[in-house]
Amino acid sequence: MRATCCGRHLSGAERISRVEDIPALTAALTERAMSHSARIPDEVHCTVERLDASEILHAELPDITTWDVPAWQAGRELAGRLLKNAGVAAHVVSRSLACLAEGPAPDGGVMRGAMVVDRLSGERLEPDNRRGVRVSRMDVAPDERVALRNLLDKVGLGHHRVLEALVLAGKVLKAPGIVAELCWSDAPDYVTGYVASPIEGYQRITRLKETGDPMGGRIFFIDRRNWDRDEFIAFLEQRGVLFHGKPGINPTRTWRV
Ligand code: PML
């Protein structure tokens with residue numbers, strides 16, 4: 001589901017479901033589109049696509065760690081450290097953080113999809129710098145969604161953005177050649193972001209930008225050895241991935257500079 005107002009993105013969601021659940025699900029997502037944002041959308045698109053069940057990848061969600069930071073500056077410093085630990089070169093880290101903060105699209109605005117960046121050279125590798133790479137076709141197994149939401153609620157992570165970002169990051173971490181993802185939202189009132197990596201999992205950072213800042217987005221850092229761009233993008237955009245089980249929740253950590 002994708003809802004827009006005056007051509008601008010308002011809300012979106014996607015699910016992988018059984019055929020018999022599709023009518024109820026499209027109704028629920030349309031309801032969500034109408035009530036989810038302060039503005040009433042002027043377009044709501046619900047697209048239903050058939051997936052071959054035998055080609056769906058079944059996987060586990062990454063573990064979650066939350067880092068409490070006193071200010072966005074400290075948050076970005078921590079994000080830089082986590083990215084370097086994951087193998088991103090120092091000069092690429094600083095350039096990438098600046099790029100996301102300043103607006104990575106050619107007109108200096110936000111991108112709908114993600115940037116793809118070579119971890120050593122910093123070269124941008126997404127075919128279209130305006131659109132970026134859109135991750136799609138991933139979900140929590142339908143029978144496990146309620147249990148996961150209850151778990152996240154119980155540990156104070158019940159905001160819908162956490163579950164959605166966790167599932168997206170979970171898929172990104174399965175992509176061939178990925179070494180890390182950096183994300184913070186372009187929603188002006190949502191300042192928490194994350195660094196995800198195959199070894200450290202999903203590392204939330206409580207502040208990565210100032211409240212009111214409309215900039216944000218995603219960067220996928222890749223290792224170019226034996227990497228194939230078409231394969232990478234096809235995996236992220238086309239391959240169905242369903243997540244099972246509960247992620248580990250690590251104790252909150254504190255970061256002070
Ligand atoms: C979190 O709170 O775990 C981070 C969520 C990032 C949300 C990104 C987005 O919604 O655009």
Side-chain angles (χ1 to χ4, degrees), residues 1-4 8-15 29 32-33 36-39 61-69 71-72 74-76 78-79 82-83 96-97 99-101 103-105 109-115 131-136 138-140 145 148-173 180-197 200-221 236 243 246-255:
M1 176 280 291
R2 193 164 61 83
T4 57
R8 290 207 54 185
H9 177 81
L10 278 189
S11 68
E14 64 178 275
R15 296 281 183 278
L29 290 177
R32 171 177 160 152
H36 204 59
S37 147
R39 302 173 74 181
L61 287 163
D63 289 352
I64 304 174
T65 305
T66 298
W67 288 89
D68 183 37
V69 295
W72 64 266
R76 288 196 193 164
L78 172 60
L82 298 175
L83 289 169
S96 302
L97 283 161
C99 186
L100 210 52
V110 297
M111 290 165 67
R112 297 275 320 278
M115 287 183 264
R131 175 184 182 273
V133 174
R134 307 279 320 275
V135 187
S136 182
M138 65 279 171
D139 201 358
V140 178
R145 174 168 284 272
L148 178 59
R149 276 186 36 193
N150 289 344
L151 170 73
L152 294 177
D153 260 347
K154 213 169 90 188
V155 295
L157 301 178
H159 195 291
H160 70 91
R161 287 184 188 273
V162 179
L163 174 53
E164 285 160 13
L166 178 68
V167 168
L168 189 151
K171 178 167 182 184
V172 171
L173 294 181
E181 178 191 354
L182 167 68
C183 165
W184 69 79
S185 179
D186 58 7
D189 59 346
Y190 199 87
V191 299
T192 301
Y194 64 87
V195 170
S197 71
E200 303 286 353
Y202 183 79
Q203 304 206 66
R204 310 177 63 243
I205 300 173
T206 52
R207 283 175 197 82
L208 274 176
K209 68 176 190 178
E210 229 168 342
T211 304
D213 179 352
M215 290 301 177
R218 292 189 151 81
I219 307 181
F220 304 151
F221 296 94
L236 291 173
F243 290 99
K246 293 182 178 166
I249 314 265
N250 295 320
T252 297
R253 303 181 68 174
T254 303
W255 170 263

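Note that ligands are numbered from 1 as they come in the structure, with each ligand's atoms numbered from 1 the same way.
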D186, L100, V110 screened by side-chain contact (heavy atoms from CB on, under 4.5 Å) with M215, the one that passes:
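Exactly one option meets the side-chain contact (heavy atoms from CB on, under 4.5 Å) with M215, and it is V110.
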
Under 3.5 Å: N/O of [X] near N/O of ligand 1:
X    : result
R218 : no
T192 : no
R161 : yes

For K171 and S136, indicate whether the former's side chain and the latter's backbone hold a donor-acceptor pair under 3.5 Å.
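Yes; at least one donor-acceptor contact below 3.5 Å.
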
Exam field: side chain R76 to backbone L208, donor-acceptor pair closer than 3.5 Å
yes

Which of the atoms of ligand 1 are close to [X], meaning less than 4.0 Å from one of its heavy atoms?
X    : value
A165 : 5 (C), 6 (C)
C183 : 8 (C)
Y202 : 1 (C), 3 (O), 4 (C), 5 (C)
R204 : 1 (C), 2 (O), 3 (O)

I205 side chain near L82 side chain, heavy-atom distance below 4.5 Å
yes

Among W184, Y194, Y190, closest by any non-hydrogen atom to atom 2 (O) of ligand 1:
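Considering heavy atoms of W184, Y194, Y190, the nearest to atom 2 (O) of ligand 1 sits in Y190.
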
Tell me which part of A187 gets within contact of ligand 1: side chain, backbone, both or neither, using heavy atoms under 4.0 Å.
neither

Under a 4.0 Å heavy-atom limit, does S185 contact ligand 1 with its side chain, its backbone, both, or neither?
both

Of all the heavy-atom pairs spanning R39 and L10, show the shortest one and how long it is.
O-CD1, 3.7 Å

Distance-minimising heavy-atom pair for P62 and P247:
O-CB, 3.3 Å

Spacing of CG belonging to N250 relative to CZ belonging to R204, to within rounding of 0.5 Å:
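With rounding to 0.5 Å, CG (N250) is 12.5 Å from CZ (R204).
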
